[in-house]
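The structure appears below as structure tokens.
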Amino acid sequence: MTSKAQNSEAHETTDHNVIRKWAEERGGKPATVKATEKDGHAGILRIDFDPPDEGLDRISWDKFFETFDEAGIAFLHQDRTKDGKLSRFHKFVRH
């Protein structure tokens, strides 16, 4: 397998530093889906990229990771596309 093919694979992590670095390298900000917050807790988590998505509320990394840990989820992400470009592919999965 070539390094390009390896980089195009998805990786799963719960490491806060890896998630934050991945998002910030792509201009991503921690966010939650509007109207999904409950009892002072962030709702459905997302990474928001510019231009900001009107359906999302940006939140702090601390609040993002508090909710992330409470939900027991993992971050599935791709570093690069098959052609070597920076990828924004990601999703949150049950851990």
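Between Phe68 and His16, the closest side-chain pair of non-hydrogen atoms falls below 4.5 Å. Side-chain contact between Asp57 and Glu37 is present, with heavy atoms from C-beta onward closer than 4.5 Å. Thr67 has its side chain out of reach of Thr32: every pair of non-hydrogen atoms, C-beta onward, lies at least 4.5 Å apart. Looking at heavy atoms from C-beta onward, Phe75 lies out of side-chain contact with Val18 at the 4.5 angstrom threshold.
When all heavy atoms of Gln78 and Arg26 are compared, the closest pair comes out as O-NH2, 4.0 Å. Closest heavy-atom contact between Pro30 and Ser60: CG-C, 3.9 Å. Minimum interatomic distance between Trp22 and Arg88 (heavy atoms only, all atoms of both residues): CH2-O, 3.3 Å. The shortest heavy-atom contact between Ala10 and Leu76 is CB-CD1, 3.8 Å. Of all the heavy atoms in Ala23 and Trp61, the pair that sits closest is CB-CH2, 3.7 Å.
In this structure, CD in Glu25 is found 12.5 Å from CZ in Arg20, a value given to the nearest 0.5 Å. For the atom pair CD1 (Ile44) and CZ (Phe92), the distance works out to 11.0 Å, reported to the nearest 0.5 Å. The structure places NZ of Lys91 at 12.5 Å from CD1 of Ile73, a figure rounded to the nearest 0.5 Å. Atoms NE2 and CD, on His77 and Glu9 in that order, are 11.5 Å from each other to the nearest 0.5 Å. From Arg46, atom CZ reaches atom OG1 of Thr36 across 8.5 Å, with rounding to the nearest 0.5 Å.
Using a 4.5 Å cut-off between side-chain heavy atoms of Ile, Leu, Val, Met, Phe, Trp and Tyr, with links allowed through other members, Phe64 and Val33 fall into different hydrophobic clusters. No single ILVMFWY cluster, assembled from side-chain heavy atoms under 4.5 Å apart, contains both Leu56 and Ile59.
Looking only at atom types and distance, the side chain of Asp83 has a donor-acceptor partner in the side chain of Thr81 under 3.5 Å away.
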Problem - Test log, rule side-chain contact (heavy atoms from CB on, under 4.5 Å), inputs Lys29 and Ile47 - result: CA-CA 5 Å; Lys29 306 279 191 292; Ile47 302 292; over 6 Å; no
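Within 6.0 Å of the CD atom in Glu54, the count of heavy atoms belonging to other residues, nucleotides or ligands does not exceed 12.
Checking side-chain atoms of Asp53 against main-chain N and O of Asp48 turns up no donor-acceptor pair under 3.5 Å.
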